[in-house]
There are 2 protein chains.
Amino acid sequence: MRRHNLSVLLRHLHAAGPTTRSDLTARTGLNRSTIGVLVGDLAARGFVVEGKATATGGPGRPSPPVHPRPEGAVALALEVDVDSLAAATVGLGGHVLGRRRVDRPGGRFSPEDTVDELARLARPLLRRLPAGAPVVAAGVAVVGLVRVGDGCVRVAPNLGWVDVPLAALVRRRLRLRVPVAVGNEADLGARSEHVRGAGVGIDDLVYLSGEVGVGAGIIVGGRHLGGAEGYGGEVGHLPVNPTGQACGCGSVGCWETEVGEGALLRRAGRSAEPGDRTAVRTLLDDARAGDDAARAAVEAVGRWLGVGLAGVVNVFNPRRVVLGGLFAELHPLVARTVDAELDGRALDASRAVVDVVVSALGVDAPLLGAAELALDELLGDPTRMPPLAEQNKDAARE
Amino acid sequence: MRRHNLSVLLRHLHAAGPTTRSDLTARTGLNRSTIGVLVGDLAARGFVVEGKATATGGPGRPSPPVHPRPEGAVALALEVDVDSLAAATVGLGGHVLGRRRVDRPGGRFSPEDTVDELARLARPLLRRLPAGAPVVAAGVAVVGLVRVGDGCVRVAPNLGWVDVPLAALVRRRLRLRVPVAVGNEADLGARSEHVRGAGVGIDDLVYLSGEVGVGAGIIVGGRHLGGAEGYGGEVGHLPVNPTGQACGCGSVGCWETEVGEGALLRRAGRSAEPGDRTAVRTLLDDARAGDDAARAAVEAVGRWLGVGLAGVVNVFNPRRVVLGGLFAELHPLVARTVDAELDGRALDASRAVVDVVVSALGVDAPLLGAAELALDELLGDPTRMPPLAEQNKDAARE
DNA sequence: CCGTATATGTCGACCGCCGCAACAAAGTAC
DNA sequence: GTACTTTGTTGCGGCGGTCGACATATACGG
């Protein structure tokens with residue numbers, strides 16, 4: 001129960017940043033004295049530092065702010081995207097200590113090669129960490145279906161992976177002694193947008209990521225929708241068009257065959273390798289420049305985006321839809337179309353409470369979400385990390 | 001925190017029935033002493049009675065069972081269906097003390113008339129309650145979109161209702177002094193199937209109710225998926241066929257236009273008033289008897305059922321789908337078709353962990369779910385009800 | 001410039017709740 | 001009948017939190 005209160009406190013500080021002690025008492029409903037003890041505990045563990053109290057302008061004694069200490073706990077975040085790899089070190093409070101991304105266009109890479117390159121990417125970031133900043137966990141975002149229990153990538157069509165024990169591979173290759181969690185890219189995008197992006201404070205939200213495939217991260221009642229094994233949120237494979245295209249999943253007329261990158265290019269009469277971002281960018285540029293075929297393709301995808309979104313809105317009754325990836329770039333061009341489809345097709349009651357916005361974190365949303373995932377275990381139980389005094393004792397012993 | 005432990009205990013007893021004290025200690029992880037105190041507390045409030053310990057066959061002192069006491073707390077459950085009304089009194093542990101249902105075919109009734117008839121239905125049930133059995137709350141299941149916050153029926157197309165403050169109406173008309181909660185029929189069906197039906201122990205499940213419309217109650221990670229305002233789960237309005245029929249919701253090609261009762265009759269070339277159950281029953285009988293047109297219609301609906309279910313399975317990754325209403329009767333006729341569509345269209349990973357079964361509670365699932373909804377508040381905080389000693393004092397004072 | 005009002009941190013006392021250990025009770029196995 | 005096992009009961013101790021009293025730090029008004 002002490003654990004629980006520490007967790008609540010640290011979670012809030014991590015998510016909301018510096019907060020005065022009086023604010024913490026008001027927010028948690030706990031007593032001033034208790035907050036004092038808890039903050040002291042967190043400080044002893046190196047998670048927070050107390051600042052100087054500065055006058056707020058109001059009457060009364062000013063309350064000193066409590067700052068999350070980025071070096072108190074660091075997450076290693078990794079991302080395996082279709083055409084790029086990324087790594088970042090993220091400290092408590094969401095402070096990004098270092099970040100690197102490399103393109104890896106076109107080809108398909110084996111899990112082993114991928115993990116090798118992730119290790120190369122991560123090494124300098126880890127070396128550059130400030131002294132005494134402990135890496136407490138790692139998180140990996142990956143485009144594919146992930147069994148959350150053991151961090152196994154069940155299937156990732158765009159990578160050509162089947163049943164890859166990614167968590168174990170990363171842990172071994174990077175010689176990590178900390179837990180490694182793996183999550184679906186869209187799920188983790190939703191997570192970061194929820195904590196510090198376009199969905200802050202919104203406990204019912206859908207993050208929709210359009211890439212080669214279409215995936216969603218869904219947060220209902222503040223909690224991530226995982227399902228029995230963690231495969232939930234695969235809205236890209238909602239059947240929307242019985243007379244449509246064959247989908248890579250084996251079905252016909254899945255939503256992603258109408259709104260994915262492939263659909264966009266196909267509609268414009270252009271062809272490209274799957275995962276060829278430049279072709280998509282060119283098409284969007286052409287559409288913005290007024291090219292008729294490009295505009296028609298964009299418009300058609302926008303309509304289908306609205307159609308599918310209507311279904312998503314009906315099913316989840318979210319307060320906000322956050323668009324990431326391709327959809328983030330597409331949305332400004334088709335916002336009115338999407339809204340019109342929603343108006344016409346979604347149930348009024350649900351339509352009335354939802355808005356559609358663009359990702360605030362951009363391409364890094366999944367990467368940052370991986371960091372959040374990694375830190376989550378610690379945030380749930382801050383007592384996992386012993387007080388600094390004991391840490392020093394342990395260090396001296398060695 | 002005492003509240004919390006009492007809640008955990010009572011919830012378990014309510015859901016799982018009689019449990020020995022030793023079982024409770026093992027299940028909660030609490031100490032024997034603590035369990036003793038807590039059980040004593042619950043007994044003092046009239047929620048449980050302790051039975052005689054009977055030899056189990058094993059060595060050691062036998063543990064006495066703790067029984068939930070149905071008369072300890074009673075919920076009044078009500079249901080407003082398209083063509084019937086129902087009421088029940090349900091005691092702790094899910095014991096149904098009384099139950100009545102009346103048909104109300106065809107026509108549309110005003111909220112006032114409906115509530116009047118609910119009152120007539122409920123009165124004898126309440127009169128027949130054992131002495132000293134307190135009604136602690138009421139729950140209402142209704143076919144329509146319900147704003148859970150205030151129990152307002154936002155829209156119920158099949159009843160012709162818009163913005164009906166049903167909770168308030170019921171409370172006033174039935175002169176209830178206890179809270180009245182309102183929920184969507186499918187949501188409550190899911191709830192009861194989850195607690196004591198075909199979904200016991202399954203924390204990721206979808207209850208799919210086919211009537212005039214198609215609705216779903218969705219439970220993810222053990223919690224009901226409500227969404228921002230409680231309108232979630234309206235899978236009937238997933239767009240599945242852009243060239244399909246116009247739907248009452250204003251959209252085109254919603255799933256329920258392909259699998260609802262209307263679709264079934266239409267496909268068989270029969271017409272009927274919406275909500276005419278006999279026409280549907282006749283059709284199903286004909287199909288079972290071998291009538292070609294009927295069988296073709298049933299088969300087509302079965303295919304569409306599978307198509308939509310594939311989407312639902314992809315999105316929610318449930319461990320079980322429970323079919324209620326029309327679908328419960330339909331399923332035996334089309335199980336193979338549904339399974340085949342799922343095999344072909346759902347993602348393998350999700351498909352592998354899901355099964356499709358028929359409702360165990362039948363037509364009463366939503367009604368019983370309303371009782372669960374009503375009892376939920378008490379189960380969350382058993383201290384709301386004072387110990388019997390004080391209750392008697394209060395009674396003596398009057 | 002200084003008192004007053006307001007708000008906050010700190011310290012010690014109190015209390016509720018749970019775990020623990022010893023004991024009593026109620027069964028089985030031989 | 002005796003040994004053993006499992007369980008309920010009871011009293012004690014500790015952890016964690018609230019509460020009240022006091023010290024401290026600022027804004028406001030004269």
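Owing to the predicted nature of the structure, the values given are computational and were not obtained by experimental measurement. Within every chain, numbering begins at 1; the chains are lettered A, B, ... in the order of the sequence lines, protein sequences first and strands thereafter.
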Looking at residues at least two apart in the chain, or sitting in another chain, which of them share a salt bridge (charged side-chain N to carboxylate O under 4.0 Å, His left out) with [X]?
{"X": "B:Arg171", "answer": "none"}
{"X": "A:Arg2", "answer": "none"}
{"X": "B:Glu372", "answer": "B:Arg196"}

#### Entry: Cationic N near anionic O, under 4.0 Å, B:Asp41 to B:Arg45
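So B:Asp41 pairs with B:Arg45 through a salt bridge.
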### Query
Which parts of nucleotides 6-21 of chain D does protein reach within less than 4.0 Å, heavy atoms only, written one letter per nucleotide 5' to 3' as B for base, S for sugar-phosphate only and - for none?
BBBBB-----SSBBBB
### Task
Sorted by first residue and then second, give each salt bridge (Lys or Arg N to Asp or Glu O under 4.0 Å) pair with at least one member in residues 10-28 of chain B; sequence neighbours left out.
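Non-adjacent pairs meeting salt bridge (Lys or Arg N to Asp or Glu O under 4.0 Å): B:Arg11-B:Asp376, B:Arg21-B:Glu50, B:Asp23-B:Arg27.
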#### Entry: Side-chain donor or acceptor of B:Glu193 paired with backbone N/O of B:Ala198 under 3.5 Å
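Yes, B:Glu193 side chain to B:Ala198 backbone: donor-acceptor pair under 3.5 Å.
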#### Entry: Side-chain donor-acceptor contact under 3.5 Å, A:Asp203 with A:His194
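Present: a donor and an acceptor within the cut-off.
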### Query
Quick one: how far along DNA chain C does chain A reach, first to last nucleotide 5' to 3', anything under 4.0 Å to a heavy atom?
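Range of nucleotides touched by chain A: C:dT6 to C:dC11.
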